[in-house]
Each structure stands twice: as structure tokens, then as C-alpha cells.
Amino acid sequence: MPKIFNMIKINYILIYGVLISFILFAISGCTKDADTTNRNYELVWEDNFQGSSGELPDATKWTFDIGTGQNGWGNRELQYYTNAPTNVSLDGEGMLAIVARSESFGGKNYTSARIKTQEIFDQAYGRFEARAKLPRGFGLWPAFWLLGSDIETVGWPQCGEIDIMENRGQEPTLVQGTVHGPGYSGGGSITSSFVLENSRFDVDFHVFAIEWGLDFIDFYVDDNLYQRIAPEDVPGEWVYDHPFFMILNVAVGGDYVGSPNSDTKFPQTLLVDYVRVYKEVN
């Protein structure tokens, strides 16, 4: 067989293989899309943070964790959480600002804020989302997350925890989505990362969300699905079958991020444009 014919035959096989691979990829992508786009959501709760500059967040929607908690909220963090307007307030332009500061207070060297909807609003299942711009710097730990509303009776991690967005301030292009439950908490949690290309999370606003159903939790950044967690993915009990409440905070230091260093500039701000919760309707 002539050499030129062999080359044509080989090239044809290669092209055919690439074409088949592309078709299979497209089919799998369509299947994933079809599995998510059939959901129909209705808005049931939101905060757009309207108000005058310096006002505290709406007391009918949010309450505060104050102090340091036992061992720095369990992660050896370095901040004292306050409800002072210098740490948490509206900016007058439709944003909530949670500000971490380098200042001595309550025996700690940093102050910040942690707000939550505990005993005010909770929900099982649906879509939870926040549009936010993150702080940046080694040792900063902004987060948008959920805790099971039964935490006071069953404790953690039996109550369940869903971290919609966590960020190490020293990794400004990466966020993580994580679940903690009995048998898979702390360093044994189930987690995945989303990496932002050609930008950083402290440069512009992004939407961090989950869509949560009976047997799945899907994690999104800007509507890009990057992780699905299902009951078969967890090595322990699936505890995501009851209402959870929301938390927004900026921690400083702790096991997850380490301590600030000489390059960390303060104050640092988590700016939140809105928080919205939806329920699925038929």
C-alpha cells in the first residue's frame, strides 16, 4: 500500500476519533444541563441591603454572633466578633460591608463580624445565593455558609454544615464548596474547588450559590456548576434533610488559613450585594 495512502488513512482515523470524542462530550454536557435546567424556583427570602450608610443589617432578617466562642469558634481563629458599625454595616449604596480590622479588643488582636439568620429564617432545600466581592490577604477567611437549625439539640457535625463559599485570602482566585457531617467533618469533609480564570475574587462581584434537593447539593459560581454531592458521596450519614440557617462572616486566622503576615493589609472588607433564597415549585 502506498505510503501517502497510509498517511491519509491514519489522519482519517485520528479525525474520526476526535469527532467521536467531541460528540460524546457534547452528549454528556447536554445530559448534565438537562439534569439542572428543569428546576423552577420561586423567590421566598431576600436582603438587598438598602439603607443609610452606617446602619446595622436589618434586625428582622439577621442576628449576630458576638465574642470569640470556645477556642475561637472551634478553629483557633484570632478575631473578636462584634456588632459595631465599624465591623458590620450598610454602605448606603445597597451593599453590606463586613470589615475585618487589626485592633485590640476583648483580648484579641483583630475584630470582625459574623451575622446569621438563626431563629429568624431557615429552609430545607431550594437555591441559596449571595453576590459578593471578597477581601484579600494572607490569613483572611470570608465565608457564606449554612448550619442545620437543630444544632442546639444535636450538636455539630450531626446538624450538618454546607459551606457555599469559603476562601483563603492568600488564594484570591480560588473558592471552595464543602459539606460537613457525622463521619466527614473538619479535615475529613467533602469538598471541591472552583478556580477563577483571568481575574480574582477581590476584583469584582461574583454569585456563589447552591441548589439543594432531596438527594443532591449542587455548587455554583456565577451559574457554573462545579460540584455535585449526593448521599453516595459521603462516608457517613446524609443529614441534609431538614432546615438550615445562613451565616456570613469574615474570620481572621485559624487552622484553615493561618495567621496574617506582614503583607496582609487592614482593614479588609467582604462586600455583599444581596442574599436570596428560593424554593422549588412545580
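All residue numbers refer to positions in the sequence shown, counting from 1.
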Next item on the list: Apply side-chain contact (heavy atoms from CB on, under 4.5 Å) to the pair Ile115 and Asn249, showing each step before the final yes or no.
Entry: CA-CA 6 Å; Ile115 64 173; Asn249 70 289; over 6 Å; no
Note to self: I'd like to know whether Leu196 forms a side-chain contact (heavy atoms from CB on, under 4.5 Å) with His206, so could you lay out the CA-CA distance, the side-chain angles of the two residues, the decisive distance to 0.1 Å, and finally the verdict.
What the structure shows: CA-CA 10 Å; Leu196 188 66; His206 296 273; 3.5 Å; yes
Note to self: Between Arg276 and Trp45, is the side-chain contact (heavy atoms from CB on, under 4.5 Å) condition met? List the steps.
What the structure shows: CA-CA 6 Å; Arg276 294 173 182 164; Trp45 188 98; over 6 Å; no
Note to self: Go through it in stages, so that I can follow the logic: the residues are Ile247 and Leu147, the test is side-chain contact (heavy atoms from CB on, under 4.5 Å), and I'd like the CA-CA distance, side-chain angles, deciding distance and then a yes or no.
What the structure shows: CA-CA 8 Å; Ile247 303 172; Leu147 274 177; 3.7 Å; yes
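No side-chain heavy atom of Thr178 sits less than 4.5 Å from a side-chain heavy atom of Ile190. Put simply, the side chain of Ser102 reaches to within 4.5 Å of the side chain of Tyr110, judged on heavy atoms. Under the 4.5 Å side-chain criterion, counting only non-hydrogen atoms from C-beta, Ser259 is not in contact with Phe138. No side-chain heavy atom of Tyr184 sits under 4.5 Å from any side-chain heavy atom of Pro157. For the pair Lys116 and Leu248, the minimum side-chain heavy-atom distance is 4.5 Å or more. Counting only heavy atoms from C-beta outward, the side chains of Tyr274 and Glu46 never approach each other to under 4.5 Å. Inter-residue side-chain proximity for Ser193 and Val175 is flagged as unmet; no heavy-atom pair is nearer than 4.5 Å. The closest side-chain heavy-atom distance from Pro172 to Phe201 is not below 4.5 Å.
Residue pairs meeting the salt bridge (Lys or Arg N to Asp or Glu O under 4.0 Å) criterion with at least one member in residues 170-179, sequence neighbours excluded, are Arg168-Glu171. For residues 183-203, the pairs satisfying salt bridge (Lys or Arg N to Asp or Glu O under 4.0 Å) are Arg200-Asp202, with sequence neighbours left out. Applying the salt bridge (Lys or Arg N to Asp or Glu O under 4.0 Å) test to pairs two or more places apart or on separate chains, those with a residue in residues 239-257 are Arg76-Asp255.
Residues Leu43 and Phe208 fall into different hydrophobic clusters, defined by Ile, Leu, Val, Met, Phe, Trp and Tyr side chains chained together at heavy-atom separations under 4.5 Å. Under the 4.5 Å side-chain heavy-atom criterion for grouping Ile, Leu, Val, Met, Phe, Trp and Tyr, Tyr125 is not connected to Leu225 through any hydrophobic cluster. Tracing side-chain contacts under 4.5 Å through hydrophobic residues (I, L, V, M, F, W, Y), one never reaches Ile120 starting from Val44; they form parts of separate clusters. Cluster membership for Leu134 and Ile210, using ILVMFWY side-chain heavy atoms within less than 4.5 angstrom, is shared. There is a path of hydrophobic side-chain contacts, each under 4.5 Å, that joins Ile217 to Phe128.
Shown here are the ring-ring contact (aromatic ring centres under 6.0 Å, His included) partners of Phe194, two or more places apart in sequence or in another chain: Tyr226. Every side chain to side chain donor-acceptor pair (under 3.5 Å) that Arg127 has, sequence neighbours left out, goes to Glu129, Glu211, Asp223. Contacts of Glu93 classified as side chain to side chain donor-acceptor pair (under 3.5 Å), with partners at least two apart in sequence or in another chain: none. In this structure, Gln123 has no side chain to side chain donor-acceptor pair (under 3.5 Å) partners at least two apart in sequence or on a different chain. Thr82 pairs by the side chain to side chain contact (heavy atoms under 4.5 Å, CB included) definition with Tyr80, Ala84, Asn87, Phe105, Thr111, not counting sequence neighbours. Applying the side chain to side chain contact (heavy atoms under 4.5 Å, CB included) criterion to Ala130, with sequence neighbours excluded, gives Phe144, Val275. Every residue two or more places apart in sequence or in another chain that forms a side chain to side chain donor-acceptor pair (under 3.5 Å) with Thr60 is listed here: Asp58.
The only member of Phe244, Tyr41, Tyr240, Phe219 that meets ring pair (Phe, Tyr, Trp, His ring centres under 6.0 Å) when paired with Trp212 is Phe244.
Counted by atom type alone, Trp145 and Glu161 present zero donor-acceptor pairs between their side chains at under 3.5 Å. Looking only at atom types and distance, the side chain of Asn48 has no donor-acceptor partner in the side chain of Gln50 under 3.5 Å away.
Taking CG from Leu90 and CD from Glu55, the interatomic distance works out to 5.5 Å, rounded to the nearest 0.5 Å. The distance from the CG atom of Asp91 to the CG atom of Leu96 is 8.5 Å, given to the nearest 0.5 Å. One distance of note links CZ of Phe205 with CG of Asp222; it measures 12.5 Å at 0.5 Å rounding. Trp156 contributes atom CH2, which lies 15.0 Å from atom CD of Glu152 (distance to the nearest 0.5 angstrom).
The minimum heavy-atom distance between Pro57 and Trp62, with the atom names listed, is CB-CD1, 3.9 Å. The heavy-atom pair separating Asn167 from Leu174 by the smallest distance is ND2-O, 2.8 Å. For Cys159 against His242, the heavy-atom pair with the smallest separation is O-NE2, 2.9 Å. The minimum heavy-atom distance between Ser199 and Thr173, with the atom names listed, is O-CG2, 3.3 Å. Taking all atoms of both residues into account, the shortest heavy-atom contact from Phe49 to Asp273 is CD1-O, 3.6 Å. In terms of heavy atoms, Arg101 sits closest to Thr86 at NE-O, 2.8 Å.
Residues Arg39 and Asp218 are paired through a salt bridge, judged by an N-O separation under 4.0 Å between the basic side chain and the carboxylate.
In this structure a side-chain-to-backbone donor-acceptor pair under 3.5 Å is missing from Ser189 to His180. Formation of a donor-acceptor pair under 3.5 Å by the Ser89 side chain with backbone atoms of Pro85 is found in this model. One N or O on the side chain of Asn261 and one on the backbone of Asp263 form a donor-acceptor pair closer than 3.5 Å. Without hydrogens or angle criteria, Thr153 side chain to Asp150 main chain gives a donor-acceptor distance under 3.5 Å. Here the side chain of Gln118 pairs no donor or acceptor atom with the backbone of Phe245 at under 3.5 angstrom. Using a distance-only test at 3.5 Å, with no hydrogens or angles considered, a donor-acceptor pair links the side chain of Gln79 to the main chain of Val252. A donor-acceptor contact shorter than 3.5 Å is absent between the side chain of Asp65 and the backbone of Arg114.
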Just list the side-chain donor-acceptor pairs under 3.5 Å for residues 265-272, sequence neighbours left out, or say none.
residue	atom	partner	partner atom	Å
Gln268	OE1	Arg136	N	3.0
Gln268	NE2	Arg136	O	3.1
Gln268	NE2	Lys265	O	2.9

Give the table of side-chain donor-acceptor pairs shorter than 3.5 Å for residues 229-238, with sequence neighbours excluded, one pair per line with atom names and distance.
residue	atom	partner	partner atom	Å
Asp233	OD2	Ala230	N	2.8
Glu237	OE1	Gln158	NE2	3.0
Trp238	NE1	Leu214	O	3.4

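No more than 12 heavy atoms of other residues, nucleotides or ligands shown are found within 6.0 angstrom of NZ on Lys279.
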